[in-house]
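Structure, as structure tokens:
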Amino acid sequence: MAVSVRPERWTHKAIVARKAFTVCVPSAAQAAMVDFAGMVSGAREDKFSATGLTAVRSKVVDAPYVDECPLVLECELQATLELGSHTQFVGRILNVGIESDCLNESGQPDMYRIDPLLYDGGQKQYCRVGEPLGKAFSLGRQYGL
């Protein structure tokens, strides 16, 4: 898992110090909270108090995560790459946490139950996953096989 963060961000300092990070995947219903969290600095405002979200310390890595997010990836820092305005942090995923109601009948993650919040940077808007287009390893059969 790779994330890119500007050096002046609170998160950047935490990843460097802790050698770990978490990636929380919020649901579409959490769009306003996520947008607020992106608008303010954690160095100046307690985002958790403002939004009512809960910070939980990971038992796997030295980094917190947001308890209310349906999907959490807990990562150990493996490498960094300076990209100019950002530092890219590459982590090894040590644990995946997912809410049980986001699993299908076979116990596998269900994208539609997770309802992940998506960001369209070109349009600067939040979206959710749309309708399925077809089965993988099946659509391409029209070209042969």
Side-chain angles (χ1 to χ4, degrees), residues 1-81 83 86-142 145:
M1 170 62 65
V3 296
S4 296
V5 182
R6 287 191 226 149
E8 64 270 12
R9 297 292 186 199
W10 182 266
T11 299
H12 188 285
K13 293 167 188 59
I15 294 172
V16 170
R18 297 170 186 255
K19 307 285 188 251
F21 60 93
T22 59
V23 175
C24 300
V25 179
S27 69
Q30 297 167 317
M33 290 182 266
V34 170
D35 193 48
F36 173 80
M39 293 166 36
V40 300
S41 169
R44 285 181 252 129
E45 180 144 3
D46 183 347
K47 299 177 190 187
F48 289 96
S49 292
T51 58
L53 295 171
T54 310
V56 175
R57 180 164 297 285
S58 167
K59 294 176 183 165
V60 179
V61 297
D62 185 17
Y65 63 87
V66 179
D67 193 39
E68 290 80 6
C69 286
L71 178 61
V72 177
L73 307 172
E74 298 169 78
C75 305
E76 173 184 72
L77 185 61
Q78 296 291 297
T80 60
L81 177 64
L83 301 176
H86 290 69
T87 302
Q88 184 173 67
F89 297 104
V90 180
R92 181 167 58 111
I93 300 171
L94 299 182
N95 190 51
V96 177
I98 187 167
E99 291 180 359
S100 60
D101 62 347
C102 292
L103 301 174
N104 65 19
E105 295 73 27
S106 302
Q108 297 298 311
D110 183 316
M111 180 170 44
Y112 298 100
R113 292 181 186 184
I114 297 168
D115 194 19
L117 177 65
L118 307 176
Y119 179 67
D120 176 352
Q123 302 299 316
K124 294 189 178 174
Q125 63 186 0
Y126 296 101
C127 306
R128 65 174 13 125
V129 174
E131 64 183 74
L133 300 175
K135 289 287 187 184
F137 306 105
S138 187
L139 286 175
R141 292 188 187 278
Q142 65 182 312
L145 294 182

Working to the nearest 0.5 Å, report the span between [atom1] of [X] and [atom2] of [Y].
| X | Y | atom1 | atom2 | answer |
| --- | --- | --- | --- | --- |
| T87 | H12 | OG1 | NE2 | 3.0 Å |
| Q88 | L83 | CD | CG | 5.5 Å |
| R92 | E74 | CZ | CD | 13.0 Å |
| M1 | E76 | CE | CD | 15.0 Å |
| L81 | F89 | CG | CZ | 10.5 Å |

Item to check | Under 3.5 Å: donor-acceptor pair, side chain of T22, backbone of P64 | outcome: yes
Checklist entry - Is there a donor-acceptor pair under 3.5 Å between the side chain of S58 and the backbone N or O of V60? => result yes
Checklist entry - Do L71 and C102 pass the side-chain contact (heavy atoms from CB on, under 4.5 Å) test, and can you show the C-alpha distance, the side-chain angles, and the key distance before you say yes or no? => result CA-CA 9 Å; L71 178 61; C102 292; over 6 Å; no
Checklist entry - Is the shortest heavy-atom distance from the side chain of V25 to the side chain of C69 under 4.5 Å? => result no
Item to check | Any side-chain heavy-atom pair of K47 and V40 under 4.5 Å | outcome: yes
Considering all heavy atoms of both residues, which atom of [X] and which atom of [Y] are nearest to each other, and what is their separation?
| X | Y | answer |
| --- | --- | --- |
| N104 | R113 | CA-NH1, 3.4 Å |
| A20 | V61 | CB-CB, 3.7 Å |
| I114 | P70 | O-CG, 3.9 Å |
| A63 | F21 | CB-CA, 3.9 Å |
| D115 | R128 | OD2-NH2, 2.6 Å |
| C24 | Y65 | SG-CB, 3.7 Å |

Checklist entry - Just wondering, are more than 12 heavy atoms of other shown residues or ligands nearer than 6.0 Å to CG in L133? => result no
Next on the checklist: Evaluate Y119 against K124 for side-chain contact (heavy atoms from CB on, under 4.5 Å), listing each step before the verdict.
Outcome noted: CA-CA 7 Å; Y119 179 67; K124 294 189 178 174; 3.6 Å; yes
Item to check | side-chain contact (heavy atoms from CB on, under 4.5 Å) evaluation trace for L103 with I98 | outcome: CA-CA 8 Å; L103 301 174; I98 187 167; 3.8 Å; yes
Next on the checklist: Show me the pairs that pass salt bridge (charged side-chain N to carboxylate O under 4.0 Å, His left out) and involve residues 17-46, at least two apart or across chains.
Outcome noted: R18-D62
